[in-house]
Structure formats: C-alpha cells, structure tokens
Amino acid sequence: MLHYRHSWADQQKTIVFLHAAGFDGRIWKQAGEQLTDFHCVCPDLPGHGQSKAVPVTDFDAASDAVAELIDRVGKGPVHLAGLSMGSYIGFRVLARHPHLVESAVFSGFQHVPIEVSGVMRALMTASSFMMNSRKNREKMARSLGVNDTSLVSQRGGRPNASSKTMRKISSLALDFDVAADLHSVETPTLVLAGETEHPSIVSALPAFQTGMPHCTARIIPGLGHGWIATEPDLFAQTLRAWFLQEPLPEGLKAITED
C-alpha cells in the first residue's frame, strides 16, 4: 500500500501526481499550492520515501499499486500527472486500468527502448551508488532546477530510494517498450518534453501523438527534463488547461510530425 499526502480534499476533481525517480510525493508541493481547485494526491511510489517497503519489480506492478490508491481515494475517475518515472508508471495505469483515469499529462518518457552501450549501462550503475551521497543527490536536484534540495532526502539525510531501486528503475526506463500498446490507450493524454531532453524522449512525441487516439504532444522550448521545477507556473497552467479542456498555454510548442 502506497503512502500519500493530499491537499484540498473537499474538491470534487482529483489529480494524482506521480513523481520522478529519486524523489517522493513532496516534489509536488508547489504544484498543489497552485491547483487549489483540485484534490491533489501525491503518493510516494514503490521503493521511494515512505513507500520504500513496497518492492519495485516492474512498471506494471507499480501501476497496479497506483490503481489501488485511486480506488482508495474513492472519487471516481481521476486526472493523472507524471514526470519521468511517474510517466512510465502512469502510462501503464492507462493501459491496465483505463476506467480509473479521466485524462492525463505526462512529461519526460519514451515509447520504445533507448539503445545504450554496455559501458553506458556500467556508468549508470556506478552513478546509482553515487546517489548514496547527500551532496551528490543535492547536486543532481539543482541540475534539474529543484532549489529545495531537502526533497532528495528523508529525515536524517537518508536517500529517498536505495541504489538498488535506482538501478532497477533505470533499467526499466531504458527497456520501456509500449509501441504496440499506443493505439489501445484511449484516455485523453497530453505528452510533453523539454526541448533539450534526451533525443529519444523528444523524438518520441510524434509517435505518441499519432499512435494514441486522443493524444496531443507539445515541446517546452529551451528547457530540459526538469522544466517542471524551473517553470512551475507554466506546469500548473498546463495541467489546469488540459484537465478542464481549455486552450493550452502559449508557452508550449506544437510538434512537427514527419
């Protein structure tokens, strides 16, 4: 069972926020403060924060845990918002539990595996151990535009996720392959990417937009993977617009399909 924080519980519509790897539900505090017209639910995902005891096996199992949480919240179909790991898990929620989600906004993920060399995988493994250092975690957070570096640690300075969990999530993300599932995911979905993100993430946008029956894709010009932290107002405006079926902010750039 996932631990979660929530705010504005008296609102009728609910947003469930799914965080990136290495963080926990606290990362969404600023967004929740701007979206007071929604019930904002921010779980700690498997292997993270106060849900650290929930094992990380694969993104399908994680999506089932999120679905159980949505059932527990008990306010009918919800809106989903995800970043990076949260987007991979969120997409699997749409594929496996479509009746639970009214619409979704995901940023920073791709639909097919990312090809990397054995050397690069070894470097990623080494970097997971480096995240045991609070100094390194805080440096990583600042590189993503997260100014509140306390968000990468639990009380006492412990990491939000173990190095084993971080290695598992990196492997699952690199091997993520849902190309065959795109056509069957009918939930209205906005897929976003920072313009300077990994090319595999940016180049996936046309595939999401053309492959999913009710998908729109947009680029955030000049920004990277952590654009949600550097442009929190734009992020909140984007969520509100998509979830209320209003025009998207002008700061988002339409993609050019090949």
Side-chain angles (χ1 to χ4, degrees), residues 6-20 25 27-43 66 70 73 75-84 86-91 93-94 98 100-111 144-146 182 185-197 201-202 204-257:
H6 67 130
S7 57
W8 321 117
D10 57 332
Q11 299 297 335
Q12 292 302 307
K13 291 292 185 179
T14 297
I15 304 174
V16 177
F17 292 86
L18 307 178
H19 62 79
I27 194 69
W28 302 112
K29 183 177 183 294
Q30 192 170 8
E33 289 173 346
Q34 297 193 56
L35 294 162
T36 59
D37 44 343
F38 292 92
H39 177 206
C40 297
V41 177
C42 306
V66 171
I70 294 172
V73 171
K75 285 194 174 183
V78 303
H79 302 289
L80 277 186
L83 170 64
S84 194
S87 296
Y88 295 108
I89 294 171
F91 184 91
V93 174
L94 302 190
L100 295 178
V101 185
E102 183 175 340
S103 64
V105 176
F106 299 140
S107 183
F109 78 129
Q110 85 291 342
H111 68 302
L144 292 173
V146 178
L182 296 182
V185 176
E186 298 187 354
T187 305
T189 304
L190 176 64
V191 180
L192 304 166
E195 187 175 32
T196 63
E197 291 208 53
I201 291 175
V202 177
L205 293 178
F208 282 119
Q209 183 163 275
T210 60
M212 296 170 66
H214 306 291
C215 180
T216 297
R218 291 288 187 270
I219 290 174
I220 297 82
L223 297 178
H225 197 61
W227 75 272
I228 286 173
T230 57
E231 294 290 340
D233 293 344
L234 177 60
F235 175 60
Q237 293 164 12
T238 300
L239 291 190
R240 180 175 283 108
W242 186 257
F243 294 153
L244 297 180
Q245 301 180 41
E246 297 175 349
L248 292 171
E250 293 182 359
L252 306 183
K253 179 183 175 183
I255 64 169
T256 301
E257 297 176 10

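As the structure is a computational prediction, the values presented were derived from the model and not from experiment.
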Subject >> Gly224 to Glu197 - nearest heavy-atom pair and separation >> reply: C-CG, 3.7 Å
Original post:
Hey, what's the ring geometry for His79 with Phe243, parallel, tilted or perpendicular (30° and 60° as the breaks)?
Top reply: parallel
Original post:
Heavy atoms, side chains only, cut-off 4.5 Å: are Phe106 and Leu190 in contact?
Top reply: no
Subject >> Atom of Pro43, atom of Val16 and distance for their closest heavy-atom approach >> reply: CD-CG1, 4.1 Å
**OP:** Report the residues that fulfil salt bridge (Lys or Arg N to Asp or Glu O under 4.0 Å) with Asp37, sequence neighbours left out, ordered by chain and then residue number.
**Re:** Arg240
Subject >> Ala241 versus Pro247, closest heavy-atom pair with distance >> reply: CB-O, 3.4 Å
Original post:
Is there side-chain contact between Thr216 and Trp242, with at least one heavy-atom pair below 4.5 Å?
Top reply: yes
Original post:
Can you name the nearest heavy-atom pair linking His19 to Gly25, along with the distance?
Top reply: CD2-N, 3.6 Å
Subject >> Test item: Val101 and Pro77 side chains (from C-beta on) under 4.5 Å apart, heavy atoms >> reply: no
Original post:
How long is the span from the CZ atom in Arg218 to the CG atom in Leu248, to the nearest 0.5 Å?
Top reply: 6.0 Å
Subject >> Shortest non-hydrogen contact between Leu205 and Ala217, atoms and distance >> reply: O-CB, 3.7 Å
Original post:
Given Leu100, which of Val73, Ile70, Thr187 fulfils the side-chain contact (heavy atoms from CB on, under 4.5 Å) condition?
Top reply: Ile70
Original post:
Is Ser87 reaching over with its side chain to a backbone N or O of Phe109, donor-acceptor style, under 3.5 angstrom?
Top reply: no
Original post:
Judged by atom type as modelled, is there a donor-acceptor pair below 3.5 Å linking the side chain of Trp8 to the main-chain atoms of Thr14?
Top reply: no
Subject >> Separation of Phe91 CZ from Met212 CE (nearest 0.5 Å) >> reply: 5.0 Å
Subject >> side-chain contact (heavy atoms from CB on, under 4.5 Å) between Phe38 and Val78, worked out >> reply: CA-CA 10 Å; Phe38 292 92; Val78 303; over 6 Å; no
**OP:** Can you measure from SG (Cys40) to NZ (Lys13) and round to the nearest 0.5 angstrom?
**Re:** 14.0 Å
Subject >> Side chain Glu195, main chain Gly222, donor-acceptor under 3.5 Å >> reply: yes
Subject >> Partner of Leu80 under side-chain contact (heavy atoms from CB on, under 4.5 Å), chosen from Val105, Ile89, Leu94, Ile15 >> reply: Leu94
Subject >> Derivation and outcome, side-chain contact (heavy atoms from CB on, under 4.5 Å), residues Glu231 and Leu223 >> reply: CA-CA 9 Å; Glu231 294 290 340; Leu223 297 178; 3.4 Å; yes
Original post:
Counting only heavy atoms not in Glu250, do more than 12 sit closer than 6.0 Å to its CD atom?
Top reply: no
**OP:** Would you tell me whether His225 and Ser84 have side-chain atoms, one donor and one acceptor, within less than 3.5 Å of each other?
**Re:** yes
Original post:
Is any side-chain heavy atom of Leu234 closer than 4.5 Å to a side-chain heavy atom of Leu252?
Top reply: yes
Subject >> Check against side-chain contact (heavy atoms from CB on, under 4.5 Å), Leu182 and His111 >> reply: CA-CA 8 Å; Leu182 296 182; His111 68 302; 4.1 Å; yes
Subject >> Spacing of Ser103 atom OG and His214 atom NE2 [to the nearest 0.5 Å] >> reply: 12.5 Å
Subject >> Gap separating the CG atom of Leu18 from the CD1 atom of Ile27, nearest 0.5 angstrom >> reply: 13.5 Å
Subject >> Non-neighbouring partners of Phe17 that pass ring pair (Phe, Tyr, Trp, His ring centres under 6.0 Å), sequence neighbours left out >> reply: Trp28
**OP:** Kindly determine whether His39 and His6 satisfy side-chain contact (heavy atoms from CB on, under 4.5 Å), including the steps that lead there.
**Re:** CA-CA 7 Å; His39 177 206; His6 67 130; 2.9 Å; yes
**OP:** Could you check if a side-chain atom of Val191 sits within less than 4.5 angstrom of a side-chain atom of Cys215, using non-hydrogen atoms only?
**Re:** yes
Original post:
Ile201 and Ala193: which non-hydrogen atoms are nearest, and at how many Å?
Top reply: CG2-CB, 3.9 Å
Original post:
How many angstroms lie between CD1 in Ile219 and CH2 in Trp227, if you round to the nearest 0.5 Å?
Top reply: 12.5 Å
